Protein chains: 2
Amino acid sequence: MFSQASEYALRALTELARCEPEKWVLTGELAELLELPVHYLGKVLQNLARKGILESQRGRQGGFRLAAAAEEITVFDVVRELDDVRALETCVMGEASCSDETACPLHSLWKGIRDRFVKSLQSTTLKDLAAFQEQRPGSGRLSAVHPRLPQFRPAKPRRGSQGT
Amino acid sequence: MFSQASEYALRALTELARCEPEKWVLTGELAELLELPVHYLGKVLQNLARKGILESQRGRQGGFRLAAAAEEITVFDVVRELDDVRALETCVMGEASCSDETACPLHSLWKGIRDRFVKSLQSTTLKDLAAFQEQRPGSGRLSAVHPRLPQFRPAKPRRGSQGT
DNA sequence: TGTAAACAAGATAAGCATATCCTAATATCT
DNA sequence: AGATATTAGGATATGCTTATCTTGTTTACA
């Protein structure tokens with residue numbers, strides 16, 4: 001239905017909605033938890049940041065986070081930025097002139113279904129998605145992946161590779 | 001929603017359902033009436049013939065025609081052959097394990113809408129599409145395009161190009 | 001029997017989505 | 001200030017859909 005980019009985005013945003021709103025989350029953490037290609041997910045997140053749905057922070061302790069409260073971002077908001085949602089509005093049969101007045105044979109059918117779908121997407125927020133995932137058995141959690149690493153430094157040699 | 005190929009197919013098949021069932025119709029006629037790229041439409045029709053929805057006849061007086069009665073071919077039958085309809089069954093959020101038991105946050109919403117859509121496609125036949133078009137003002141008709149050309153031969157020179 | 005008409009099939013190409021990698025910019029920590 | 005971690009952005013590659021063109025194959029008709 002949606003592009004793979006939108007699917008990745010929805011899954012990542014759902015996870016972001018599950019942790020503390022202020023926390024910066026790494027692309028790598030999200031990719032690992034959701035088992036998605038890191039670099040491609042990075043592109044998607046960059047895109048969402050440009051569109052104002054995410055905020056990004058470069059450098060150490062950086063990452064991505066929601067630009068607004070989870071209950072204020074709808075599924076439709078997300079999909080609209082990544083997919084061409086206008087495609088849903090176009091004629092199912094690809095006719096150039098198909099409107100309420102001059103309808104193609106499938107127009108009313110498609111319009112009914114599409115409108116119901118869009119309304120649902122508009123009334124479903126990231127908070128809803130997150131809440132659903134909370135109650136789902138076996139759904140991993142972000143903080144569980146990297147539970148605030150205690151900044152361990154293994155006395156790493158600077159550059160002289162000592163083999164073992 | 002559908003691929004462009006499916007859209008082209010639906011429009012072409014609707015026209016085929018509007019003329020006498022036995023008549024062979026040319027790709028060129030369909031393309032001209034529907035204003036579609038001839039060669040590409042040809043590929044789509046070839047495909048449908050291979051899948052058993054159309055019959056094709058080579059040579060003079062050849063063309064394409066429906067392989068079954070228009071009331072026995074559903075929109076779903078057509079789309080299924082050209083698009084990967086299984087994509088409708090897969091999770092909207094792209095999750096690997098999303099079923100009735102282990103549902104993603106959008107599963108029940110999507111399932112309801114998708115099922116209603118598929119059922120509608122399965123209960124709409126080419127006859128229905130054709131009947132709708134009949135009553136539509138300004139919808140061209142195939143027989144009107146080439147009303148059985150009277151086999152006119154303009155005494156064409158064999159190979160010597162005579163300029164004007 | 002030959003020729004023209006028409007679909008069949010293959011090669012080719014553009015455009016987009018997906019995916020990866022590399023370098024640059026930037027923020028933090030020491 | 002310098003080293004390091006992290007996103008940003010550009011270049012590149014692959015595969016699918018759409019589209020066109022060319023050539024082959026089949027059929028009907030003269």
Side-chain angles (χ1 to χ4, degrees), chain A residues 1-9 12 16 23-32 35-51 54-65 67 79 81-84 87 94 146 149-159, chain B residues 1-9 12 16 23-32 35-51 54-65 67 79 81-84 87 94 146 149-159:
Chain A
M1 182 65 234
F2 299 134
S3 70
Q4 210 153 46
S6 278
E7 294 178 354
Y8 290 178
L16 285 174
K23 186 185 169 194
W24 297 107
V25 178
L26 303 187
T27 308
E29 285 181 275
L30 286 167
E32 186 178 348
E35 294 174 324
L36 301 179
V38 196
H39 291 100
Y40 188 64
L41 180 62
K43 288 286 188 214
V44 174
L45 297 180
Q46 278 173 35
N47 212 333
L48 290 173
R50 243 175 280 129
K51 299 293 177 57
L54 287 180
E55 288 175 348
S56 67
Q57 176 72 33
R58 285 185 176 184
R60 264 191 169 183
Q61 302 296 327
F64 292 94
R65 71 181 182 195
V79 173
E81 298 299 348
L82 298 177
D83 287 2
D84 185 11
H146 290 300
L149 281 177
Q151 227 66 348
F152 175 62
R153 283 252 237 119
K156 172 175 48 184
R158 199 59 77 76
R159 207 171 277 192
Chain B
M1 181 63 233
F2 299 134
S3 70
Q4 210 152 46
S6 278
E7 294 178 354
Y8 290 178
L16 286 175
K23 186 184 169 195
W24 297 107
V25 177
L26 305 187
T27 309
E29 286 182 274
L30 285 168
E32 187 179 346
E35 294 175 325
L36 302 179
V38 197
H39 291 100
Y40 188 64
L41 180 62
K43 288 283 186 216
V44 174
L45 297 180
Q46 278 172 36
N47 213 333
L48 290 174
R50 243 174 281 129
K51 300 293 177 58
L54 287 180
E55 288 175 348
S56 67
Q57 176 72 34
R58 286 184 174 183
R60 267 193 169 180
Q61 302 295 328
F64 291 94
R65 73 180 180 194
V79 174
E81 298 298 348
L82 299 176
D83 287 2
D84 185 12
H146 289 300
L149 280 178
Q151 226 68 349
F152 175 61
R153 284 251 237 119
K156 172 174 48 181
R158 198 59 77 76
R159 208 171 278 190

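Proteins come first, then strands; the chains are lettered A, B, ... in the order of their sequence lines, and each starts at number 1. Keep in mind that this is a model prediction, so the values were computed, not measured.
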To the nearest Å, give me how far apart [atom1] ([X]) and [atom2] ([N]) are.
X	N	atom1	atom2	value
B:Asp83	D:dT18	CG	C1'	13 Å
A:Leu41	D:dA8	CG	P	12 Å
B:Asn47	C:dA8	CG	C1'	12 Å
B:Glu7	D:dT17	CD	C1'	13 Å
B:Gln57	D:dA28	CD	C1'	9 Å
B:Glu55	C:dA6	CD	P	18 Å
A:Gln61	D:dT7	CD	P	11 Å
B:Leu36	D:dT18	CG	P	13 Å

Minimum heavy-atom distance between [X] and [Y], given as atom pair plus value:
X	Y	result
B:Leu48	B:Ala9	CD1-CB, 3.8 Å
A:Ala12	A:Leu45	CB-CD2, 4.3 Å
B:Trp24	B:Gly62	CB-O, 3.5 Å
A:Gly94	B:Glu7	CA-OE1, 3.2 Å
B:Val25	B:Leu30	CG1-CG, 3.9 Å
B:Arg65	B:Lys23	CB-O, 3.5 Å

Q: For A:Leu26, answer base if it contacts any base atom (sugar-phosphate contacts may also be present), sugar-phosphate if it contacts only those atoms, and nothing otherwise; contact means non-hydrogen atoms under 4.0 Å.
A: sugar-phosphate
Q: Please work out if A:Gly63 contacts a base, only the sugar-phosphate, or nothing of the nucleic acid, heavy-atom cut-off 4.0 Å.
A: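 Answer is sugar-phosphate: A:Gly63 comes under 4.0 Å of backbone atoms only.
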Phosphate OP1/OP2 of [N] contacted by [X] side-chain N/O (<4.0 Å):
X	N	result
B:Arg50	C:dA9	yes
B:Thr27	C:dA6	no
B:Ser56	C:dA6	no
A:Arg60	D:dA3	no

Q. Nearest of C:dC29, D:dT27, C:dA9 to any side-chain atom of B:Gln46?
A. C:dA9
Q. Taking protein heavy atoms under 4.0 Å as touching, what does nucleotides 16-22 of chain C look like 5' to 3' if B marks base contact, S marks sugar-phosphate-only contact and - marks none?
A. --SBBB-
Q. Within the modelled atom types, does a donor on one side and an acceptor on the other bring the side chain of A:Arg58 and the base of C:dT26 under 3.5 Å apart?
A.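 Flag unset: no donor-acceptor pair detected.
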Q. Would a 4.5 Å heavy-atom cut-off, applied to side chains only, mark B:Leu16 and B:Leu54 as touching?
A.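 When only atoms from C-beta onward are counted, B:Leu54 and B:Leu16 do touch, with a gap below 4.5 Å.
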Q.
Let me spell it out: for each of A:Gly59 and B:Val25, pick the nucleotide of DNA chain C with the closest heavy atom. Which residue's pick is nearer the 5' end?
A.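 Nearer the 5' end of the strand: B:Val25.
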